[in-house]
Participant: 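Could you have a look at this structure, given as structure tokens, before my questions?
This is a predicted model, so every value here is computed, not measured. These values consider heavy atoms only, across backbone and side chains, with no hydrogens, waters or symmetry-generated copies.
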Amino acid sequence: MLYALKMHKSSQQSLGPNEQASSALPERRIVLKFGSRLLTGDRAELDPERMASVARAVAAEPKTEAVIVSSGAIAAGFKTLGHASPPKRIQDRQAAAAVGQGRLMSLWDDAFRAVGLKVAQVLLTNDCLTDRRRYVAASRALSTLLEAGVVPIVNENDTVSVDEIVVGDNDNLAAATATLVDADVLALLTDVPGVMTGDPTGDPASQVIPEAASADELRQYCFQKKSIESKGGMITKLEAAERAGQFGIPTMIASGLDEDVLAAIVRGERAGTVISAAERPLGARRHWMAMQMNLTGALVVDDGAVAAIRQRASLLPRGVVRVEGRFRRGDLISVIDSQGVEHARGIVRFDDRDVERIRGLHTREVKEALGAGHGHVVMRPDRMVLVGEEGEG
Ligand code: GLU
């Protein structure tokens, strides 16, 4: 085993005197993400043979619990609706996803049935991740499926995913899924063998970068290949790796075209580019904060405030330059600099209108402006998570 594994409860259980160690006792939990382009190849429709090779690789290692995150709903549905190519209009994409999701599941069902495994459809939206109760419910449901030996096939619920509840790309959805099931590794499978030193389409001498301490180190190697049916590219993969890493989950970016590579990953071996996880992952609450997307509000702060919060000091009204969006006391909002770069997010202690009244003020002026009993801290370090850095416990 070449990457550090967290032990799962099931593998830590001690056996009673008369019990035999079952060969199927799970040793690891992995999330395997397949993009539309990978599942369709050049044919622009789902390729059952590709899916069969995934199923064979998963079935070959019963000690691994696998969750598949599968794109391809739109790719599988657009032709039925009379489109010559994947549509761009949002409602056409939603309609295509509604048609294609059933087809996608039916093909996964065939592929896994052929190797004696059952599958389950799990459709998530961003509010399954932002709403703590839904998050816990989704997490329990997924674990129950895995414990029952079923392979969950996860996709975004594209047909109803609009605006604030959209995750938007399946790389980030896969990272969220990895945290939902507390996976040992997130494998983002693609049509290149890993993160390459040069553009694989134009530079034959380019090589796979075998490992990186963080996703950030690899950003310079993003050579974006765009296609309409899939949202992801190397940039979203690195974003997803960063997200998973904050929760202590390493990411592999590897080829999904090669069944041997897939089988190796399922056996717990490394392949492609391995991106290490934070050594000190975020605790549960901070992790939940880091996972959220599409926050409704933000505070624009000055450089002094950025430096202070990076040193784990409180965010004070003095450093707040502008208030963006709407929020209530207790909401999770972003802290950004004047360039729009997010540095932190956390639970705000005032409504937007009150922050507007006290921004730029010194502590004693805050008390005068709001009256006693209000406190003067906008965001406390223990209710804040820094963005773009290793976890902080
Ligand atoms: N959920 C979309 C689909 O199944 C794909 C999103 C993505 O490519 O990241 O078609």
Side-chain angles (χ1 to χ4, degrees), residues 32-55 68-114 119 121-126 153-174 177 188-193 196 199-203 222-237 239-240 253 255-259 262 293-294:
L32 301 160
K33 182 264 171 180
F34 298 91
S36 306
R37 205 166 54 214
L38 194 61
L39 295 177
T40 58
D42 301 328
R43 309 167 359 141
E45 62 192 64
L46 295 171
D47 180 350
E49 182 39 41
R50 289 257 163 97
M51 299 165 97
S53 106
V54 173
I68 309 275
V69 175
S70 174
S71 306
I74 295 169
F78 72 86
K79 282 192 184 151
T80 308
L81 291 177
H83 302 286
S85 58
K88 288 194 181 129
R89 245 180 19 146
I90 183 82
Q91 55 270 52
D92 292 332
R93 293 177 70 80
Q94 290 175 319
V99 172
Q101 181 63 31
R103 170 111 184 101
L104 182 64
M105 276 315 292
S106 141
L107 288 173
W108 279 122
D109 193 41
D110 292 346
F112 277 96
R113 197 187 292 265
V119 295
Q121 168 178 268
V122 180
L123 296 179
L124 299 175
T125 44
N126 197 34
I153 312 277
V154 178
N155 197 359
E156 181 151 22
N157 194 351
D158 290 311
T159 304
V160 299
S161 284
V162 285
D163 300 335
E164 64 278 0
I165 61 160
V166 76
V167 176
D169 71 84
N170 276 15
D171 294 320
N172 277 295
L173 183 72
T177 304
L188 301 175
L189 287 322
T190 174
D191 55 2
V192 289
M196 313 286 288
D199 183 346
T201 51
D203 176 5
C222 286
F223 310 99
Q224 191 77 298
K225 247 204 292 182
K226 277 256 175 240
S227 76
I228 299 175
E229 70 269 39
S230 61
K231 289 273 183 65
M234 208 45 98
I235 292 172
T236 63
K237 287 186 177 45
E239 237 176 68
I253 300 177
S255 169
L257 299 174
D258 184 336
E259 191 172 323
L262 286 176
M293 282 170 253
N294 306 320

Participant: By the salt bridge (charged side-chain N to carboxylate O under 4.0 Å, His left out) test, which pairs, at least two apart or in different chains, include something from residues 69-85?
Facilitator: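 Salt bridge (charged side-chain N to carboxylate O under 4.0 Å, His left out) check on residues 69-85 returns E45-K79.
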Participant: Tell me which pairs pass salt bridge (charged side-chain N to carboxylate O under 4.0 Å, His left out) where either residue lies in residues 99-110, with sequence neighbours left out.
Facilitator: D109-R113
Participant: Ignoring hydrogens and angles, tell me if any N or O in the side chain of T159 forms a donor-acceptor pair with the backbone of Q94 under 3.5 Å.
Facilitator: yes
Participant: For L189 and G256, work out which heavy atoms get closest and say how close.
Facilitator: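 Smallest interatomic distance, heavy atoms only, reads CB-CA, 3.8 Å.
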Participant: With rounding to the nearest 0.5 angstrom, report the CD to CG distance, E49 to L39.
Facilitator: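 These two atoms lie 12.5 Å from each other.
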Participant: Might you point out which heavy atoms bring A73 and L104 nearest each other, and give the distance in Å?
Facilitator: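 Heavy-atom minimum between the residues: N-CD2, 3.8 Å.
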Participant: Taking all heavy atoms of D158 and all of A97, pick out the closest pair and write down the distance.
Facilitator: CB-CB, 3.5 Å
Participant: Just so I know, are the side chains of C222 and K237 near enough to count as touching, which here means a heavy-atom distance under 4.5 Å?
Facilitator: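 No - every pair of side-chain heavy atoms lies 4.5 Å or more apart.
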Participant: Do you know which two heavy atoms are closest between E156 and D169, and how far apart they sit?
Facilitator: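 In terms of heavy atoms, the two residues are closest at OE1-N, 4.2 Å.
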Participant: Could you tell me which non-hydrogen atom of L46 sits nearest to which non-hydrogen atom of A76, and how far apart they are?
Facilitator: CD1-CB, 3.4 Å
Participant: Between R50 (side chain only) and L257 (backbone N and O only), is there a donor and an acceptor less than 3.5 Å apart?
Facilitator: no
Participant: List the steps and the verdict of side-chain contact (heavy atoms from CB on, under 4.5 Å) for M105 and V119.
Facilitator: CA-CA 8 Å; M105 276 315 292; V119 295; 4.0 Å; yes
Participant: Should L81 and D92 count as side-chain neighbours, where that means a heavy-atom distance under 4.5 Å?
Facilitator: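 Sidechains of D92 and L81: no contact.
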Participant: Calculate, to the nearest 0.5 Å, the distance between atoms CD1 and CG belonging to I68 and L32 respectively.
Facilitator: 5.0 Å
Participant: N170 versus K33: any side-chain heavy-atom pair under 4.5 Å?
Facilitator: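 Yes. Closest side-chain heavy atoms under 4.5 Å.
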Participant: Mind checking whether L188 and T190 have side chains closer than 4.5 Å, heavy atoms only?
Facilitator: no
Participant: Using side-chain hydrogen bond (donor to acceptor under 3.5 Å, both in side chains) as the criterion, list what pairs up with S70, not counting sequence neighbours.
Facilitator: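 side-chain hydrogen bond (donor to acceptor under 3.5 Å, both in side chains) check on S70 returns W108.
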Participant: Could you pull out the closest heavy-atom pair between F78 and P87, with the gap in Å?
Facilitator: CB-CD, 3.6 Å
Participant: Would the distance check show the side chain of T177 and the main-chain N or O of L173 forming a donor-acceptor pair, the cut-off being under 3.5 Å?
Facilitator: yes
